[in-house]
Amino acid sequence: MAPENRRGQPTMDLTHVRPNRVRRPMPARKRETVGIDLGTTNTVMARNFESLPMQGGGCIMPSVVAYPPSGGTLVGKAARRRRAMDPKNTIVSAKRVIGARWVSSYTSQFREHYPYDLVEGPDGWAVFNTRAGLVCPVEVGATVISGLRELTRCPVGDVHAVVTAPVGFDQQRRDATAWAVSKAKFASVRVIEEPIATALAYLNRSSLKYAFVYDLGGGTFDAAVVDCSRYPFRVIGHGGDPYLGGDDVDRTIALHVADRTLARDGWDLSNDAVTFDRLVLACELAKCELSGSEQAAIAIPSVDPAAPESCGIIPITRDEVQQLTLDLVRRTFAMCDEVLAQASLKARDIEAVFLAGGSTRLPGLRGYIESYFGKRPRVDLDPMEVVSLGASLAAARPAVSELLDPCA
Ligand code: AMP
């Protein structure tokens, strides 16, 4: 029997009829964004102020790409292990020549420091001549970012990125950095200066006038005064040394240890490149341990590269490393003097000092920085992640000035 309405009239049974689709507005899809610090030594990616963890642990990937004789491409830690045994086909520090012309000071300086077969590419760019053919630095950067993207399971395609670049990069080098990110399949790319990203990471909720960013990484030292009183933030003085960083510390310690083992055991660890590189890596491990303890042990590699196991231990103390690195640290402060002068400021005018770069954990360094500026540097954010964290904030909020609202 047909159902009736309240007046007793028959009505159609509509229970089996699908109601007209009501067109609701599609819920806005959240815009996926990431910040990328494509560093000379390491690369980190962050989303919404959190570093993206890699499968297998950690969030910091060495910016290294290797082309082994067996074919294919290795990236990150696996690539770095090949550095000493196959230096010409293991590309480290490609950022130093990203977007660099063959005829340029970047290229000639790079050739003085690295063993690569760097050649003039088809359009006058500097390119690596490797076992895998000619590879431009942009390609190396793209491989590093794609590798990290895979390890962090960051989706391909619809993700918008902000990548950081040193203040000293000209437009050509910034474009090349952005191009490396596009090649790693991001939907859009914007570039932000590294010290601005660091200041952003720290000044999310407060505001001040002059901040100093002291950034000592694996291969480079950068210093910048950032004017944070107006939006967008501006770098009003910057400088540094593109060939000064943790790598120099590791080599300095390794040479010191090599002298000691030569005197103690009669072994010359500096004679063979592969053995010396193993020693440098062992010294780096000990150096890192010393930021949390007074003494560390350096495992001495065997002088026989065919049997690389450690064949002894040399102890090293924080004080020794502090002494060994004093010159290097003094050089950074000479550059800080220049940067402050450029900004017509004195150290006492600086309201906050932000540290970036893993080498700011060097024994004793934070104390020297405190004495220089007369105030304790801010270290509450991990110095190896702070740049990508700041970039992730800029990426998440396209109008950076909005983010920097002092009322926020
Ligand atoms: P970055 O360029 O910021 O990725 O920093 C890499 C450099 O930081 C390398 O030279 C590392 O050896 C160095 N580094 C990392 N952790 C420490 C630590 N705990 N103490 C001293 N140097 C460190």
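Quantities reported herein were computed from a predicted structural model and do not represent experimental measurements. Note that ligands are numbered from 1 as they come in the structure, with each ligand's atoms numbered from 1 the same way.
Judged by the 6.0 Å and 45° rule, Arg173 forms a cation-pi pair with Tyr106.
The closest side-chain donor-acceptor pair between Asp319 and Gln323, if any, does not fall under 3.5 angstrom.
When every heavy atom of Leu328 is checked against every heavy atom of Gly245, the shortest pair comes out as CD1-O, 4.1 Å.
Nearest protein heavy-atom neighbour of atom 2 (O) of ligand 1: Gly218 N, 2.9 Å. Counting only heavy atoms of the protein, atom 22 (N) of ligand 1 lies nearest to Lys287 CE, 3.4 Å. Distance from atom 4 (O) of ligand 1 to its nearest protein heavy atom, with residue and atom name: Asn42 ND2, 2.7 Å. Closest to atom 11 (C) of ligand 1 among all protein heavy atoms lies Glu284 OE2, 3.3 Å.
By the 4.0 Å heavy-atom criterion, Ser359 is counted among the residues contacting ligand 1.
Taken to the nearest 0.5 Å, the CD atom of Glu120 stands 9.5 Å off from the OG1 atom of Thr107.
Of the heavy atoms in Cys288, both backbone and side-chain atoms come closer than 4.0 Å to ligand 1. The backbone and the side chain of Arg361 each have at least one atom closer than 4.0 Å to an atom of ligand 1 (non-hydrogen atoms only).
Annotation for Arg376: atom CZ does not count as buried by contact number, only 12 or fewer foreign heavy atoms lying within 6.0 Å.
Looking at Ser291, Ser63, Gly358 and measuring to atom 19 (N) of ligand 1, the nearest heavy atom belongs to Ser291.
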Practice prompt. In sequence, state the C-alpha distance, the side-chain angles, and the governing distance for Tyr214 and Thr332, and then conclude on side chain to side chain donor-acceptor pair (under 3.5 Å).
Written response: CA-CA 9 Å; Tyr214 180 106; Thr332 69; 2.7 Å; yes

Discussion item. Go through it in stages, so that I can follow the logic: the residues are Arg83 and Glu284, the test is salt bridge (charged side-chain N to carboxylate O under 4.0 Å, His left out), and I'd like the CA-CA distance, side-chain angles, deciding distance and then a yes or no.
Written reply: CA-CA 15 Å; Arg83 188 176 70 179; Glu284 184 185 5; 6.0 Å; no

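Close approach to Thr41 involves these atoms of ligand 1, each under 4.0 Å from a residue heavy atom: 2 (O). The atoms of ligand 1 that sit less than 4.0 Å from any heavy atom of Gly357 are 3 (O). With ligand atoms numbered from 1 in the order given, ligand 1 contributes 10 (O) to contacts under 4.0 Å with heavy atoms of Gly246.
Below 30°, between 30° and 60°, or above 60°: for Phe110 and Tyr116 the angle between ring planes is below 30°, a parallel geometry.
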